[in-house]
Amino acid sequence: KVRCVRPMELKNWLEETPGAVLFDAREPWERDWGSLEGGRPLVQSVLEESASWPKSTPIAVYCHYGVRSMDAAAYFSDRGFWNVQVLEGGIDAWSSQVDPSLKRYPGHPC
């Protein structure tokens, strides 16, 4: 139910998928470094809101390297969402493969 996609695949999927929701599973201090356009912070209120969404809602999740986003994607998948994408390599891979103007920041997989 969860599909790992490379940065360019996600970029294309977001452009071609009407109604896709993009979630940022990083901490607030990480989002201060920059975020993907349209990325919504994945916070408790959004998780509660998503309970009423159609299970066909296309969802993509990203974090710094891809570890936390996989946990978040599993959350959605476990609740019946079947069109869930995870950005392989996270925003770090996006910044090197899609948008070099997006600042990279220090850290380790968490």
Side-chain angles (χ1 to χ4, degrees):
K1 292 182 184 179
V2 173
R3 184 171 171 249
C4 291
V5 293
R6 294 185 176 136
M8 283 305 292
E9 288 176 288
L10 181 62
K11 179 182 183 300
N12 294 334
W13 183 82
L14 289 169
E15 291 171 352
E16 298 166 359
T17 307
V21 181
L22 178 62
F23 286 119
D24 185 337
R26 298 174 303 146
E27 297 292 328
W29 70 266
E30 293 175 287
R31 291 192 301 269
D32 289 343
W33 282 84
S35 296
L36 300 186
E37 185 178 335
R40 296 176 60 183
L42 188 57
V43 294
Q44 186 63 36
S45 61
V46 171
L47 296 177
E48 293 166 3
E49 173 191 329
S50 70
S52 65
W53 296 355
K55 300 306 180 195
S56 60
T57 302
I59 296 172
V61 188
Y62 73 94
C63 64
H64 190 185
Y65 288 114
V67 178
R68 290 172 286 178
S69 55
M70 185 57 82
D71 289 340
Y75 173 91
F76 287 107
S77 177
D78 289 348
R79 280 150 187 80
F81 290 90
W82 52 267
N83 191 359
V84 183
Q85 317 289 316
V86 173
L87 176 57
E88 186 177 288
I91 196 169
D92 192 66
W94 183 280
S95 67
S96 64
Q97 297 174 30
V98 176
D99 183 4
S101 71
L102 188 61
K103 291 192 308 187
R104 297 175 78 190
Y105 63 94
H108 58 82
C110 43

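Partners of Glu37 under the side chain to side chain contact (heavy atoms under 4.5 Å, CB included) rule, at least two apart in sequence or in another chain, do not exist in this structure. Residues passing the salt bridge (charged side-chain N to carboxylate O under 4.0 Å, His left out) test with Arg79: none are found, sequence neighbours excluded. Residues meeting the side chain to side chain contact (heavy atoms under 4.5 Å, CB included) test with Glu16, sequence neighbours left out: Asn12. Scored by the ring pair (Phe, Tyr, Trp, His ring centres under 6.0 Å) test, Trp82 finds no partners at all (sequence neighbours excluded).
In this structure, Cys63 and Glu30 have side chains that are not in contact, with every pair of non-hydrogen atoms separated by 4.5 Å or more. Side-chain contact between Val5 and Trp13: absent, with no pair of heavy atoms (C-beta onward) separated by less than 4.5 Å. Leu87 is listed as a side-chain neighbour of Leu36, based on a closest heavy-atom distance under 4.5 Å. Using a 4.5 Å cut-off on side-chain heavy atoms (C-beta onward), Ile91 and His64 make contact. In this structure, Val86 and Tyr62 have side chains that are not in contact, with every pair of non-hydrogen atoms separated by 4.5 Å or more. The side-chain heavy atoms of Leu42 and Phe76, taken from C-beta on, include a pair separated by under 4.5 Å. Taking 4.5 Å as the limit, every side-chain heavy atom of Phe23 sits out of range of all side-chain heavy atoms of Val84.
Residues Leu22 and Tyr75 do not share a hydrophobic cluster, clusters being chains of Ile/Leu/Val/Met/Phe/Trp/Tyr side chains in contact below 4.5 Å. Linking ILVMFWY residues whenever their side-chain heavy atoms come closer than 4.5 Å, directly or via other members, places Val21 and Val2 in the same cluster. Residues Trp53 and Leu14 do not share a hydrophobic cluster, clusters being chains of Ile/Leu/Val/Met/Phe/Trp/Tyr side chains in contact below 4.5 Å. At a threshold of 4.5 Å between side-chain heavy atoms, the hydrophobic network of Ile, Leu, Val, Met, Phe, Trp and Tyr places Met70 and Val46 in one connected group. Under a hydrophobic-cluster definition in which Ile, Leu, Val, Met, Phe, Trp and Tyr are linked whenever side-chain heavy atoms come within less than 4.5 Å, directly or via other members, Val43 and Val61 are assigned to the same cluster.
Within the structure, salt bridge (charged side-chain N to carboxylate O under 4.0 Å, His left out) contacts touching residues 90-100 (residues at least two apart or in different chains) are Asp92-Arg104. Judged as a salt bridge (charged side-chain N to carboxylate O under 4.0 Å, His left out), the pairs with a partner in residues 44-64 (not counting sequence neighbours) are, in order, Arg40-Glu49.
No donor-acceptor pair under 3.5 Å is formed between the side chain of Arg68 and the backbone N or O of Arg26. A distance-only check finds no donor-acceptor pair linking the side chain of Ser77 to the backbone of Ala73 [under 3.5 Å]. A side-chain donor-acceptor contact under 3.5 Å links Ser96 to the backbone of Ala93.
Of all non-hydrogen atoms in Ser56 and Asn83, the two that sit nearest each other are O-CB, 4.4 Å. Smallest separation of non-hydrogen atoms from Val98 and Pro7: CG2-CB, 3.5 Å. The shortest non-hydrogen separation linking Arg6 to Glu9 is N-OE1, 2.8 Å.
In this structure, OH on Tyr105 lies 10.0 Å from CZ on Arg31, to the nearest 0.5 angstrom. We find the CD-CE distance between Gln97 and Met8 to be 9.5 Å, quoted to the nearest 0.5 Å.
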